[in-house]
Amino acid sequence: MFAKVIVDVPTYHVDRPFDYIIPAKWQGIIEIGSRVKVPFGRRPVLGFVIALTEETDVPTGKLKAITELLDIEPVLTPELLQLAAWLKHETICFEIDALQAMLPSALRAKYEKMIETLIPIEELSMELATNMKQGRMSYKVAEQANLLAEVKQGVRNGHLRITTKVSQRGKAKQVRYVTVGNLEQIEAAQTVTSTRAKKQHELLQWLAAHSEQQFLPSDIPASTAVLQEVIKAGAASFTQQEIYRDPFATAVDKTTALTLTTEQQQAKDRIVLHEAHTYLLHGITGSGKTEIYLQKIDQVLAEGQQAIMLVPEIALTPQMTERFRGRFGDRVAVMHSGLSSGEKFDEWRKIQQQEVQVVVGARSAIFAPFTNLGIIILDEEHEASYKQEDTPRYHTRDVAIWRSHMHQCPVILGSATPALESYARAVKGVYTLLTLSERAMQQSLPAVEVVDMRDELRSGNRSMFSRSLLTEMTASLARKEQIVLFLNRRGYSSFVMCRDCGTVVQCQNCDISLTYHRSQERLRCHYCGYEEAVPTTCPQCASERIRYFGTGTQKVEEELQKHFPTARVLRMDVDTTRKKGAHEEILSAFGCGEADILLGTQMIAKGLDFPNITVVGVLSADTSLHLPDFRASEKTFQLLTQVSGRAGRHDKEGRVVVQTYTPTHYAIELAQQQDYLPFYEQEMTHRRRAGYPPYFYIALVQVSHEDVLQAGHYAQLATNWLREQLPRIRIIGPTASAISRVQNRYRYQCLIKYKIEPNLIPVLHRLIAMYRADWQKQGVQLTVDLDPSMI
Ligand code: ADP
Ligand code: ZN
Ligand code: ZN
């Protein structure tokens, strides 16, 4: 028997399966989807077995054998292997990259496998039993004792279980306790302790009153030296205890299904199980989409099937996950970037072992190795984070639909502001449109006031807060209610500018201005991480009148303190949420009423659902409107709608103040009305005129080089070649990319606009092949992104 193996060597020449001999001891044990170690060239590499065959074209002399089997149970299912091949073709990536993307990062780290018995050890075979210690044996031992075949059989019979321990050395949390001995031991210690050791006798007396209990060393009423003497005398001992970090440290109250509104019930009933079909659930904020997801998943579980529930990373708040844990308890695994790699691995294992039936997670949870999927749900389906920006450059929505066909199950795309592409498909009948037009508890949407900041300036208000917003905030604070202030930071931040010559301090490596960070008095590049001290004189004209401009969250916080010195402010941005768990802490502090004002960036736009929020302020609505991105208007509309939806979700009425310099832009005007359809229609007109999605598909080819001339030259070569190969297609460029230099590499791009072009993917594969075979050696980097989210 031979195995076809995809090896962990991402280069063009290697991007195909290689044949390896399966040694006799692993015949019947190695399955497809297992990871193995194989010799490749001179070194051992990791590989994935994607097929087993009885014959090979490789001459026997050249064949090598698999040297190590890393998994008795395959880590990838046959379906996921097929998906990897599909991703390779559709997104033009290496198959190994697609395979790796499907696994938790811990499986790329070091790990140790153990075999555990599930039945009394006496009932196991002699060989197994003698190799076990306390019912466990390491995989290595089993391998050395030639027991793998027997282990596999045992796993099949349910007698054995294989568990994997990720080695995270130094990461397991340990706590040291003092365990007090029994009275006999304490008396014995008293007799051996010198009568002159007064302190020790005092402690022994105290211990006698607390025999056989456990204490933290700090709770013992004596010095460490005294304690140690008493321990030597045998009256107590130190015990080391490992405590596991539980991502679900808090218990959640059980919830039951709510009685659905008529609209909710109708939407729920129209979603048919056991059929591969996609539904677009368009419901305004607070319309009860999540309750429909919960009840649909409940149906799926009742059928003995499994569910994938996807949420954008930043919306994956404890509030969100608690709703799923509250309904489904420990049948839920949660996967998000806030977990350590060990915790993520544990969650993934629960899915792989089919111990849970629901996964709630961000983008990569779409690869959950469930084998009997009954539903896939994408909440906030319009979110850009569903598109992976690195290879494999997949869109989660496409993967979801692909898997739904494999499992014959429905996909629900939910949003208050669907992506234009999705809504257009629903209008055409490709997806089934389900609409929720009212809030679940009949609350009205908050009133939105748009304030023209130019008028504020004209009437002498130089503050970053309009008079309207100040009035609303004052009133809310007086009523002891809560305020959310949202700073639209996309493409906007504080920078340092010379007031005399207008020079803005730029990054040395990238064509982009450096961002001012007040807490460290430093300038930082958000693209490459370059940092420098704030200059005291202008690098261009030596003027000393150089200072920072723009509105960062820190600046807003200072300004807030001036206006409302007694208000308690919480700030949530990239700086305050860098620490693991910080995000949750800030939100729960705000939820408990520990602050009056929550100030933040995009992060706070989603998922916040607190009854006491009655005022939402958007400080700068238009900063995202002017980015070089054809989706700029759509993103602005989505963001404003999301943020507005945070106010008045419960019984108190909400108010929203949107500050802008372009109050008549349709994205802002229509966001004020919170009406999706007119926005959809107007935006579609623009897209049609400009030839953008959903009317056209786009693909982006990006070329970079350290030398600006070379970058331009190869971009031109690529563009010319594409024009030759695809004569009927519009190819725009090459042009310099929006950020024309990143990390000292100059960037050019060309844009391909097409409708249906069966030739496109094969041509792009050939372009990539050409690049990998030749251009790469010249220092060129070339990437292809079908469906780029920013151009
Ligand atoms: P969405 O996901 O559409 O923003 P949610 O599912 O978060 O909406 O619902 C908003 C609020 O309404 C939540 O507090 C939720 O508990 C409540 N809710 C949803 N459906 C119902 C219902 N049928 N009856 C009562 N309350 C509901
Ligand atoms: Zn200057
Ligand atoms: Zn930089």
Counting distance only, does the side-chain N/O of H282 pair as donor-acceptor with the main-chain N or O of A416 below 3.5 Å?
yes

Report yes or no: is the cationic atom of K753 (NZ for Lys, CZ for Arg) closer than 6.0 Å to the six-membered ring centre of Y697, at no more than 45° off its axis?
no

Of all heavy-atom pairs between E634 and P418, which one has the smallest distance, and what is that distance?
OE2-O, 4.0 Å

Residues 89-98 vs side-chain hydrogen bond (donor to acceptor under 3.5 Å, both in side chains), sequence neighbours excluded, gives D97-T391

If only atom types and distance count, is the side chain of T662 paired as donor or acceptor with the main-chain N or O of H665 below 3.5 Å?
no

Answer yes if the ring centres of Y423 and Y676 are under 6.0 angstrom apart, and no otherwise.
yes

Aromatic rings Y394 and F367: how do their planes relate, parallel, tilted or perpendicular, breaks at 30° and 60°?
perpendicular

More than 12 heavy atoms of other groups within 6.0 Å of R723 CZ
yes

Are T278 and R397 close enough, and set up right, to give a side chain to side chain donor-acceptor pair (under 3.5 Å), and what steps lead you there?
CA-CA 10 Å; T278 305; R397 200 192 286 133; over 6 Å; no

Inter-residue atom distance Q642.CD - E380.CD, 0.5 Å rounding:
4.5 Å

Given the side-chain rings of F637 and Y680, with only the six-membered ring counted for Trp, is the space between their centroids under 6.0 Å?
no

Considering only residues two or more places apart or on different chains, which pairs with a residue in residues 757-769 satisfy salt bridge (charged side-chain N to carboxylate O under 4.0 Å, His left out)?
R728-E757

V618 and L485, any side-chain heavy atoms less than 4.5 Å apart
no

Answer whether the closest heavy-atom distance between the side chains of V448 and Q674 falls below 4.5 Å.
yes

Is the distance from the ring center of F370 to that of H407 below 6.0 Å?
no

Inter- and intrachain pairs under salt bridge (charged side-chain N to carboxylate O under 4.0 Å, His left out), touching residues 283-298, at least two apart
E291-R327

With a 3.5 Å distance limit and no angle check, can you tell me whether R687 reaches the backbone of Y695 through a side-chain donor-acceptor pair?
no

